[in-house]
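Only one structure is covered here, and it is reproduced in the block below.
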Protein chains: 2
Amino acid sequence: MHHETLIESVKSRRDTLKITQEMLADLSGVGLRTLKQFESGKGNPTLETLTKIGDTLGMELIFTAKNLTAD
Amino acid sequence: MHHETLIESVKSRRDTLKITQEMLADLSGVGLRTLKQFESGKGNPTLETLTKIGDTLGMELIFTAKNLTAD
DNA sequence: TTGAAATGTGCATTAAAACGCACTTTTCAG
DNA sequence: CTGAAAAGTGCGTTTTAATGCACATTTCAA
């Protein structure tokens, strides 16, 4: 998985929930600037930041065995 | 998911593969100090660090819908 | 088209991650 | 038990994430 996929997960989810970056920032406690940075692919968020975002969006971050068959 | 679960995933996987923190540090390019910090629960790693570790262990980091039924 | 809402970016500051090094503590086979 | 390997911690430095603020750019319904 690429960094992008994680970003897409968040943007997609946020889109589904119809909330703006600003709302997510407020709800999650993550700074708006940080969220913008992350969603625009310019950031390298910490686990804490990702967790806050995930919690707010009803998602959780996990490590799974990588699928080696597909490419 | 708690931060711990992520840590356990890594420690468990590393244990299965029979590699030390030092080896994982070398293989992944993540500093040994950083890895120790993370595995001992004292750290707040960046996505990049988690990705490097995951890549080396054949794991990938993903966001999944949180399971609200279980607890 | 148009303007407001939403998103993206430049700049500066503060807090903290990443890191190396040396040392302590823990683990465990023999 | 014992020693060596593995894991954890204190300390200091450098890099950078997190953040606010102001402004630029994009999106899109009316």
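Within every chain, numbering begins at 1; the chains are lettered A, B, ... in the order of the sequence lines, protein sequences first and strands thereafter.
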Open item on the list: Assess, by modelled atom type and distance only, whether the side chains of A:K36 and A:Q21 contain a donor and an acceptor separated by less than 3.5 Å.
Closed with: yes
Open item on the list: Testing the 3.5 Å rule here: is there a donor-acceptor pair between the side chains of A:T46 and A:T49?
Closed with: yes
Open item on the list: Taking any heavy-atom pair under 4.0 Å as a contact, classify B:G29: base, sugar-phosphate, or nothing.
Closed with: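 Sugar-phosphate only.
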- [ ] Give one of base, sugar-phosphate or nothing for A:S40, where a contact means two heavy atoms less than 4.0 Å apart.
- [x] sugar-phosphate
Send over the distance from [X] [atom1] to [N] [atom2], rounded to a whole Å.
X: B:Q37; N: D:dG10; atom1: CD; atom2: P; result: 10 Å
X: B:K11; N: C:dT26; atom1: NZ; atom2: P; result: 14 Å
X: A:E39; N: D:dT19; atom1: CD; atom2: P; result: 14 Å
X: B:E22; N: C:dG20; atom1: CD; atom2: P; result: 11 Å
X: A:L32; N: D:dA18; atom1: CG; atom2: P; result: 14 Å
X: B:I19; N: D:dA7; atom1: CD1; atom2: C1'; result: 14 Å
X: B:D15; N: C:dT26; atom1: CG; atom2: P; result: 19 Å
X: B:E48; N: D:dA18; atom1: CD; atom2: P; result: 12 Å

TODO: Please figure out whether B:T20 or A:L50 has its closest DNA chain D nucleotide nearer the 5' end.
DONE: B:T20
Phosphate OP1/OP2 of [N]: any [X] side-chain N/O under 4.0 Å:
X: B:T49; N: C:dA18; result: yes
X: A:T34; N: D:dA17; result: no
X: B:Q21; N: D:dG8; result: yes
X: A:R14; N: C:dT7; result: yes
X: A:K36; N: C:dT9; result: no
X: A:K42; N: C:dG8; result: no

Task: Nucleotide nearest B:R33 when distance is taken to its side chain, options C:dC21, D:dA17, C:dT9 - done: C:dC21
- [ ] Return the 5'-most residue of the pair A:L35, A:T46 with respect to DNA chain C, ranking by each residue's nearest nucleotide.
- [x] A:L35
Task: Sidechain-backbone polar pair: B:S40 side chain, B:Q37 backbone, donor-acceptor under 3.5 Å - done: yes
TODO: For the pair A:S28 (side chain) and A:L24 (backbone), establish whether a donor and an acceptor sit closer than 3.5 Å, ignoring hydrogens and angles.
DONE: yes
Task: Gap between atom OG of B:S9 and atom CG of B:L50 - 0.5 Å precision - done: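 Going from the CG atom of B:L50 to the OG atom of B:S9 covers 11.0 Å.
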